[in-house]
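Following: one structure in structure tokens, then a few remarks.
These numbers come from the heavy atoms of this one structure, side chains and all, not from hydrogens, waters or symmetry mates. Residue numbers count from 1 along this sequence.
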Amino acid sequence: PHEEYEIIIINDGSTDNSLEYVNKTILDKFNIRVYSQINQGLSVARNVGLSYAKGEYVWFVDSDDYIVPDCLLGICSYLKDKLDILQIQYRYVYETSNSYMNAKKNVIDEVKTGVEVLKSGGVDIPAQFSIYRREFLLENNLKFYPHIFHEDVEFKPRAVYSAKSIVSYPEVVYNYLQRGGSIMANKGLKNALDLLKVSDSLYSECTYISKEAIPYFSTVIMQSGHIVAQKAQPMQDAWSVISTGECPFALILSFAITRIFFGQAITHKPQPLHISVLNVTLGTIIPPINIFCFVIPKEKFLKSMAFQKKM
């Protein structure tokens with residue numbers, strides 16, 4: 001029934017006729033509210049929507065995607081005993097071919113803690129693939145990092161870690177649109193820089209989370225580094241990423257990144273630095289992942305860079 005759920009629409013500075021269309025559509029819908037703001041990006045829009053929400057649970061549905069009709073009744077049957085997170089199943093919808101494919105199911109068939117879920121490999125990163133208890137988000141100050149791409153990579157590990165109870169809904173209820181012009185599909189300097197910010201934020205979390213969760217956080221950081229390697233092209237973009245000074249840490253993740261940052265952007269030599277040199281010039285190694293994943297305090301990084309330029 002309409003009185004048992006609300007829909008909150010955030011108009012994030014749209015410049016087309018979206019707002020006009022929405023206003024016409026919701027004329028007789030008392031459970032739908034619309035709020036407008038200047039364009040600030042997805043993270044801020046979600047945070048604003050959360051601040052206006054009144055329901056016991058919230059579901060961040062992206063504007064490009066859509067849910068299966070009449071799915072809420074079945075979903076609500078799982079939202080009991082103050083469940084913190086309900087992980088849902090989804091399908092890929094391809095805009096160009098007008099086709100779809102169900103994603104591989106990631107089923108948590110019994111209630112587990114967030115740490116237990118992380119130890120077993122975690123859940124899919126996109127925030128829209130989970131339904132969250134609103135008070136759980138507020139009590140743990142779980143908000144989206146503003147003004148960046150890849151905000152879900154920063155948000156989801158923290159949310160799952162904080163959860164005392166997670167379980168899956170077994171049916172496919174979310175249609176996840178795939179299009180070539182999406183943020184995730186594009187390469188570029190901002191993508192790479194924002195991934196470094198994400199990695200820096202997750203690294204900061206590693207200083208006080210339990211040891212059981214550190215391997216998962218470290219893996220996400222390392223995977224983000226591989227994406228940086230793909231997105232920071234051409235080579236001068238890689239140099240721009242680490243010389244902006246916007247991140248307190250510069251991340252060197254795997255030999256692929258080492259070749260970009262140290263090989264060409266700094267030393268102009270094609271080969272990566274040797275491990276013995278890395279051990280001298282780099283800062284803290286994130287435990288317990290392999291030797292190729294490093295975090296360098298910015299000051300040490302800049303001193304190291306200056307030293308190598310003299311060589």
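- Without hydrogens or angle criteria, K112 side chain to V167 main chain gives no donor-acceptor distance under 3.5 Å.
- In this structure, Y161 and S210 approach most closely via the heavy-atom pair OH-N, 2.9 Å.
- Hydrophobic clustering (ILVMFWY, side-chain heavy atoms < 4.5 Å, transitive): V34 and Y21 are in distinct clusters.
- One hydrophobic cluster holds both L138 and F155 under the rule that ILVMFWY side chains link at heavy-atom gaps under 4.5 Å.
- When the side chains of ILVMFWY residues are joined at heavy-atom separations under 4.5 Å, either directly or via intervening members, L19 and I26 end up in a single hydrophobic cluster.
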Point to revise | Verdict with reasoning, V198 to E151, per side chain to side chain contact (heavy atoms under 4.5 Å, CB included) | key: CA-CA 7 Å; V198 166; E151 60 284 317; over 6 Å; no
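- Minimum heavy-atom separation, K143 to R158: O-NH2, 2.7 Å.
- Note that NZ of K105 is 12.5 Å distant from OH of Y90, once rounded to the nearest 0.5 Å.
- The closest donor-acceptor contact from the side chain of E20 to the backbone of N17 lies at 3.5 Å or more, if one exists at all.
- Closest of all the heavy-atom pairs between L86 and L83 is CB-CD2, 3.9 Å.
- Nearest heavy atoms, A159 versus Y132: CB-CE2, 4.4 Å.
- In the hydrophobic clustering of this structure, I131 groups with V111; members are Ile, Leu, Val, Met, Phe, Trp, Tyr whose side-chain heavy atoms approach within less than 4.5 Å, directly or through other members.
- A heavy-atom distance below 4.5 Å is found between the side chains of I125 and P157.
- Rounded to the nearest 0.5 Å, atoms OH (Y100) and CD (Q178) are 15.0 Å apart.
- Heavy-atom contacts from other residues, nucleotides or ligands closer than 6.0 Å to CG of L27 number more than 12.
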Point to revise | Full working for salt bridge (Lys or Arg N to Asp or Glu O under 4.0 Å) between R33 and E6 | key: CA-CA 8 Å; R33 291 178 284 148; E6 64 177 352; 2.4 Å; yes
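- Ion pairing of D84 with K164 is absent here, as no side-chain N (NZ or NE/NH1/NH2) approaches a carboxylate O to less than 4.0 Å.
- Checked by atom type and distance alone, the side chain of D65 pairs as donor or acceptor with a backbone atom of L177 at under 3.5 Å.
- A donor-acceptor pair under 3.5 Å is absent between the side-chain atoms of S18 and the main chain of S14, judged by distance alone.
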Name every donor-acceptor pair, under 3.5 Å, that has one atom in a side chain of residues 40-55 and the other anywhere in the protein, sequence neighbours excluded.
from: S43; atom 1: OG; to: Y145; atom 2: O; distance (Å): 2.7
from: R46; atom 1: NH1; to: D152; atom 2: OD1; distance (Å): 2.5
from: R46; atom 1: NH2; to: D62; atom 2: OD1; distance (Å): 3.1
from: R46; atom 1: NH2; to: Q128; atom 2: OE1; distance (Å): 3.4
from: N47; atom 1: OD1; to: F144; atom 2: N; distance (Å): 2.9
from: N47; atom 1: ND2; to: S43; atom 2: O; distance (Å): 3.4
from: N47; atom 1: ND2; to: F144; atom 2: O; distance (Å): 3.0
from: S51; atom 1: OG; to: V48; atom 2: O; distance (Å): 2.5

Practice item. Check the pair N39, D12 against side-chain hydrogen bond (donor to acceptor under 3.5 Å, both in side chains), reporting the backbone distance first and the verdict last. Key: CA-CA 5 Å; N39 180 258; D12 189 39; 3.0 Å; yes
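- The hydrophobic cluster containing I8 does not contain F136, counting ILVMFWY residues as joined when their side-chain heavy atoms lie under 4.5 angstrom apart, directly or transitively.
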Practice item. Verify side-chain hydrogen bond (donor to acceptor under 3.5 Å, both in side chains) between K156 and S130, making sure each step is shown before the conclusion. Key: CA-CA 9 Å; K156 195 66 169 283; S130 297; 3.1 Å; yes
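- The side-chain heavy atoms of I209 and F217, taken from C-beta on, include a pair separated by under 4.5 Å.
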Exercise for review: Assess whether side chain to side chain contact (heavy atoms under 4.5 Å, CB included) is satisfied between E116 and E110, documenting all intermediate values.
Suggested key: CA-CA 11 Å; E116 288 174 328; E110 61 181 5; over 6 Å; no
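- Aromatic rings from Y66 and Y176 are positioned such that their centres are separated by 6.0 Å or more.
- For the pair S162 and L142, the minimum side-chain heavy-atom distance is below 4.5 Å.
- For N106 against D124, the heavy-atom pair with the smallest separation is ND2-N, 3.9 Å.
- The side-chain heavy atoms of Q87 and V117, taken from C-beta on, include no pair separated by under 4.5 Å.
- Within a 6.0 Å sphere centred on CG of D70, heavy atoms belonging to other residues, nucleotides or ligands number 12 at most.
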Exercise for review: Kindly indicate, with the supporting measurements, whether the criterion side chain to side chain contact (heavy atoms under 4.5 Å, CB included) is fulfilled by I10 and Q37.
Suggested key: CA-CA 8 Å; I10 305 299; Q37 63 182 29; 4.0 Å; yes
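- With hydrogens and angles ignored, the 3.5 Å screen pairs a side-chain donor or acceptor of S77 with a backbone N or O of G74.
- Closest of all the heavy-atom pairs between Y92 and A103 is CE1-CB, 3.7 Å.
- A side-chain donor-acceptor contact under 3.5 Å links Q89 to the backbone of Y169.
- In this structure, the side-chain contact (heavy atoms from CB on, under 4.5 Å) partners of V61, at least two apart in sequence or on a different chain, are W59, I67, Y174.
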Point to revise | Candidate pair N31 and K29, rule side chain to side chain contact (heavy atoms under 4.5 Å, CB included), full reasoning | key: CA-CA 6 Å; N31 64 328; K29 306 293 193 303; 4.0 Å; yes
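- Counted within 6.0 Å of CG on N102, heavy atoms from surrounding residues, nucleotides or ligands total more than 12; the atom is thus considered enclosed.
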